[in-house]
Amino acid sequence: MEDDALTYCKNCESEIVKNYCQECGQKASVNQVTFKETIDDFIESVFSINAPLFKTLKYLIVNPGALFNNFLLGKRKRYYKPVAFFVLTTIIYLLIRSLIGFDPLMDTSVSVNSDDEMMVLARENMLMNSNNFLFLFVFSLSVFLKLFFYKTYALAEFVVVSFYIVGIYTLLITINLFFIQFVNAEFQAIAFIFMAVYFIYAMITFLKIPKILIVIKATILFFLATAVYQILAFLISYLIVFIKN
């Protein structure tokens, strides 16, 4: 008699024909959880050449529009999930910032020209905790995408797209940390410029409307969304400082 453990999926109890369940995709050979299994799964899902993360990164760089459209059409298992990608890039940013000893307050050339101590403290809080405010960029970007391209996709779909885009923005900021830390602090604006160009390119590959219209709308949209994101981050920082003091 054939072993039930090898015949039926332990996750959904569907019959297994090969090495993976045809219904839910779980492995046929699932035993007691071990540290080795957990580490192997992590390596397979993140660092494998064919892993969703590397495939997702490739598409986000080469043809982001194809990834967005495929994901929204339901082809989701082949890609790294948008929120998970956003969280992962944020963690990478924090790790790199800590490893190289980057100080967000090192650039004094952009200090607030104000005698109001609360304003200065709010700015410092915003810079020190910039990773905590990135979700605001996702929010502002998705709202403006809906406002500027309201006929194309629903707000929830633009939120998914925004998580991927802000994830790329976080990676660009992370790479830029090395230039700011070891080359010149004046490189601080480079990540923003690259992100603006990337965003326009991503929209061109994503939306099926005249390119010139996309370029104009995407340019205005990106700068408005960035401004709103920074204003909201500063206001929240100000509120936090106000409550603490």
Side-chain angles (χ1 to χ4, degrees), residues 42-43 45-49 51-65 67-68 71 79-111 123-142 159-203 205-206 218 222-223 225-234 236-237:
F42 177 78
I43 293 173
S45 62
V46 178
F47 296 105
S48 171
I49 298 298
L53 177 58
F54 281 86
K55 186 173 184 178
T56 300
L57 275 173
K58 175 186 173 182
Y59 270 91
L60 283 173
I61 294 171
V62 178
N63 192 352
L67 185 151
F68 301 154
F71 192 91
Y79 301 115
Y80 211 73
K81 297 296 186 291
V83 178
F85 181 72
F86 169 79
V87 172
L88 179 63
T89 55
T90 303
I91 292 173
I92 291 172
Y93 164 78
L94 290 173
L95 286 174
I96 296 298
R97 192 175 86 171
S98 177
L99 286 172
I100 68 175
F102 178 77
D103 180 10
L105 303 179
M106 66 182 292
D107 183 9
T108 57
S109 64
V110 294
S111 60
R123 172 186 169 273
E124 290 179 352
N125 181 79
M126 183 178 72
L127 291 175
M128 290 299 299
N129 301 284
S130 58
N131 55 288
N132 295 326
F133 298 114
L134 283 172
F135 75 94
L136 293 174
F137 197 15
V138 175
F139 168 76
S140 64
L141 203 58
S142 56
V159 169
V160 167
V161 171
S162 297
F163 269 117
Y164 278 126
I165 290 175
V166 176
I168 290 294
Y169 176 59
T170 308
L171 288 179
L172 287 173
I173 292 174
T174 304
I175 295 171
N176 202 39
L177 290 180
F178 292 95
F179 289 94
I180 299 172
Q181 181 82 345
F182 302 113
V183 182
N184 194 320
E186 298 298 325
F187 280 97
Q188 194 151 2
I190 288 183
F192 179 78
I193 295 171
F194 270 96
M195 186 57 207
V197 174
Y198 172 79
F199 178 74
I200 295 170
Y201 168 69
M203 291 301 102
T205 61
F206 175 45
F222 181 77
F223 284 97
T226 303
V228 170
Y229 149 61
Q230 291 179 340
I231 291 171
L232 289 175
F234 181 80
I236 293 175
S237 294

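Because only heavy atoms are used, hydrogens play no part in the values below, and waters and symmetry mates are left out as well, while side chains stay in.
Of all non-hydrogen atoms in V166 and L141, the two that sit nearest each other are CG2-CD2, 4.3 Å. Listed here is the closest heavy atom pair of A218 and F199: O-CE2, 3.5 Å. Residues R123 and F234 come closest through the heavy atom pair N-CE1, 3.8 Å.
A donor-acceptor pair under 3.5 Å is formed between the side chain of T56 and the backbone N or O of Y80. Between the side chain of S162 and the backbone N or O of S142, at least one donor-acceptor pair lies under 3.5 Å. Using a distance-only test at 3.5 Å, with no hydrogens or angles considered, no donor-acceptor pair links the side chain of S98 to the main chain of L94.
Crowding of Y59 atom OH: a count of heavy atoms from other residues, nucleotides or ligands under 6.0 Å not exceeding 12. More than 12 heavy-atom neighbours from other residues, nucleotides or ligands sit within 6.0 angstrom of CZ on F133.
With values rounded to the nearest 0.5 angstrom, I200 atom CD1 is found 10.0 Å from M195 atom CE. If you take CG on L232 and CZ on F135, they are separated by 9.0 Å, rounding to the nearest 0.5 Å. Once rounded to the nearest 0.5 Å, the distance linking CD1 of I173 with CD1 of I190 reads 13.0 Å. Summarising the geometry, atom OH belonging to Y169 is positioned 9.5 Å from atom CG belonging to N176; distances are rounded to the nearest 0.5 Å.
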Under the criterion side chain to side chain contact (heavy atoms under 4.5 Å, CB included), I'd like the reasoning laid out for I165 against F68: C-alpha separation, chi angles, the key distance, then a yes or no. CA-CA 10 Å; I165 290 175; F68 301 154; 4.0 Å; yes

Pair L57-L171, side chain to side chain contact (heavy atoms under 4.5 Å, CB included): steps then yes or no: CA-CA 11 Å; L57 275 173; L171 288 179; 3.8 Å; yes

For S130 and R97: C-alpha separation, side-chain torsions, deciding distance, then whether side chain to side chain contact (heavy atoms under 4.5 Å, CB included) applies. CA-CA 12 Å; S130 58; R97 192 175 86 171; 4.1 Å; yes

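Between Y164 and L60, the closest side-chain pair of non-hydrogen atoms falls below 4.5 Å. Inter-residue side-chain proximity for F178 and F102 is flagged as unmet; no heavy-atom pair is nearer than 4.5 Å. Between M203 and V161 the shortest side-chain heavy-atom distance falls below 4.5 Å. In this structure, N131 and I91 have side chains that are not in contact, with every pair of non-hydrogen atoms separated by 4.5 Å or more.
Scored by the ring-ring contact (aromatic ring centres under 6.0 Å, His included) test, F223 finds F192 as partners (sequence neighbours excluded). Scored by the ring-ring contact (aromatic ring centres under 6.0 Å, His included) test, F139 finds no partners at all (sequence neighbours excluded). Residues passing the ring-ring contact (aromatic ring centres under 6.0 Å, His included) test with Y229, sequence neighbours excluded: F137. Among residues two or more places apart in sequence or in another chain, the side chain to side chain contact (heavy atoms under 4.5 Å, CB included) test is passed with Y201 by P64, T205. Partners of Y198 according to the ring-ring contact (aromatic ring centres under 6.0 Å, His included) rule, which considers only residues two or more places apart in sequence or in another chain, do not exist here.
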Residues 81-89, side-chain donor-acceptor partners within the protein, below 3.5 Å, at least two apart:
from	atom 1	to	atom 2	distance (Å)
T89	OG1	F85	O	3.1
T89	OG1	F86	O	2.8

